[in-house]
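Scroll down for the structure; my scribbles are underneath it.
Proteins come first, then strands; the chains are lettered A, B, ... in the order of their sequence lines, and each starts at number 1. Keep in mind that the numbers below use all heavy atoms, side chains included, and drop hydrogens, waters and symmetry copies.
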Amino acid sequence: MSENSQYPTAPFGDWDGSPAAARAMQQSLAAQVNLQDDFPPLRLIAGVDVGFEDGGTITRAAAVLLDADTLELVGSSLARVPTNMPYIPGLLSFRELPAVLQALGELPAVPDLIFSDGHGIAHPRRLGIAAHLGVVTGLPTIGVAKKLLTGAHDELDLARGAQVELRDKKTGEVIGCVLRSKDKVRPLIISPGNRVSIVTAPQLVMRYVTRYRLPEPTRLADRLASRREEKAAARRLSGAAK
DNA sequence: GCGACAG
DNA sequence: ATCTTGTCGC
């Protein structure tokens, strides 16, 4: 089980830490996003997500590696690092990406596609965390978000698989789609990413949705990052102790 | 100036 | 994201 350390350690170059410089950096990186379908036959897919411990002082990134055909868990990793900056809408990647890259580097293999929590190009400057991750790693990525950050869309049917385009409010440019992954659940906001087209992204998401709202890679990474298991177990015990 | 605002 | 119990609906 050899881990791979082929991911950048300092994804922000010579960033001075200021929000203004971060936004400028996003503008230039956004130009490097590839919105064409350019991914290999999928054999291994990954899911990444981030959670926090100790009131937010520790950033906890989880990465899971799945067999793209059977969805069998092939490997997983966890990276715990000190939190370096606060959450600022639009600058999420500068807060979470370092931990995510560390977790990815500890997986047993490099995935053919990564599902990232948060948006891809459905972002004010077209560089949400999924797109940022795709540019710095060069790998295909898709952003799977639970809430809207920017853009507008029409209503969509309540049936599983229903979807409508998400467009820039000002330019009308299509920046992603709103997808109902299960009957009557709150829709997901899907956007590339890198090396995946706006049309293909939701298809790939649906391919990996089983019985839950979130596609498996994202759901499993979320469980690890946010310690769903541990918390549920702790709750059951304290409740039984009474 | 006012509202919106991933995780 | 995280803190948190019971509860309404499919």
If you count heavy atoms of other groups shown closer than 6.0 angstrom to [atom1] of [X], is the number above 12?
{"X": "A:R43", "atom1": "CZ", "value": "no"}
{"X": "A:E230", "atom1": "CD", "value": "yes"}
{"X": "A:Q36", "atom1": "CD", "value": "no"}

Which ones in residues 210-227 of chain A lie close to DNA chain B, meaning a heavy atom under 4.0 Å from one of its atoms?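 When residues 210-227 of chain A is checked for heavy atoms under 4.0 Å from DNA chain B, there are no hits whatsoever.
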Return the residues of residues 180-206 of chain A meeting this criterion: a heavy atom under 4.0 Å from some atom of DNA chain B. Order them by number, or give none.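 Those residues: none at all.
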Quick one: is the NZ or CZ of A:R219 closer than 6.0 Å to the six-membered ring centre of A:Y212, and within 45° of its axis?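 Because its charged atom sits under 6.0 Å from the ring centre and within 45° of the axis, A:R219 does stack over A:Y212.
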For residues 135-146 of chain A, which residue pairs qualify under side chain to side chain donor-acceptor pair (under 3.5 Å), counting only residues two or more places apart or in two chains?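 For residues 135-146 of chain A: A:D117-A:K146.
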Identify the two heavy atoms, one from [X] and one from [Y], that lie closest to each other, and give their separation to 0.1 Å.
{"X": "A:P215", "Y": "A:L188", "value": "CD-CD1, 4.1 Å"}
{"X": "A:D16", "Y": "A:A21", "value": "OD1-CB, 3.3 Å"}
{"X": "A:K184", "Y": "A:R180", "value": "N-CD, 4.2 Å"}

Would you kindly say whether A:T83 and A:T57 are connected by a side-chain donor-acceptor distance under 3.5 Å?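 Short answer, no.
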For a quick check, with a 4.0 angstrom heavy-atom cut-off, what is the B/S/- contact string for nucleotides 2-7 of chain B, read 5' to 3'? ---BBB
Is there side-chain contact between [X] and [Y], with heavy atoms separated by less than 4.5 Å?
{"X": "A:L148", "Y": "A:L166", "result": "yes"}
{"X": "A:C177", "Y": "A:E165", "result": "no"}
{"X": "A:Q163", "Y": "A:I190", "result": "no"}

Give the C-alpha distance, both sets of side-chain angles, the deciding distance and a yes or no for salt bridge (Lys or Arg N to Asp or Glu O under 4.0 Å) between A:D222 and A:R228. CA-CA 8 Å; A:D222 179 81; A:R228 308 267 179 233; 2.9 Å; yes
Which nucleotides of DNA chain B pair, in dot-bracket form (Watson-Crick or G-U under 3.5 Å, | meaning another strand): .......
Both distances under 3.5 Å, Watson-Crick or G-U wobble: on that basis, could you give the dot-bracket string for DNA chain C, with [ ] for crossing pairs and | for other-strand partners? ..........
Which is true for A:R125 with a 4.0 Å heavy-atom rule: it touches a base, it touches only sugar-phosphate, or it touches nothing?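 The residue A:R125 makes no contact with any strand.
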Give a yes or no on whether the backbone of A:F52 and the side-chain of A:R80 come within a donor-acceptor separation of less than 3.5 Å.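 No, the answer is negative, given that no donor and acceptor are paired below the 3.5 Å cut-off.
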Over how many whole Å does the gap from A:K231 atom NZ to C:dT5 atom P extend?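 These atoms are roughly 13 Å apart.
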Could you walk me through whether A:E173 and A:R126 pass the salt bridge (Lys or Arg N to Asp or Glu O under 4.0 Å) check? CA-CA 11 Å; A:E173 167 192 11; A:R126 305 291 176 268; 3.3 Å; yes
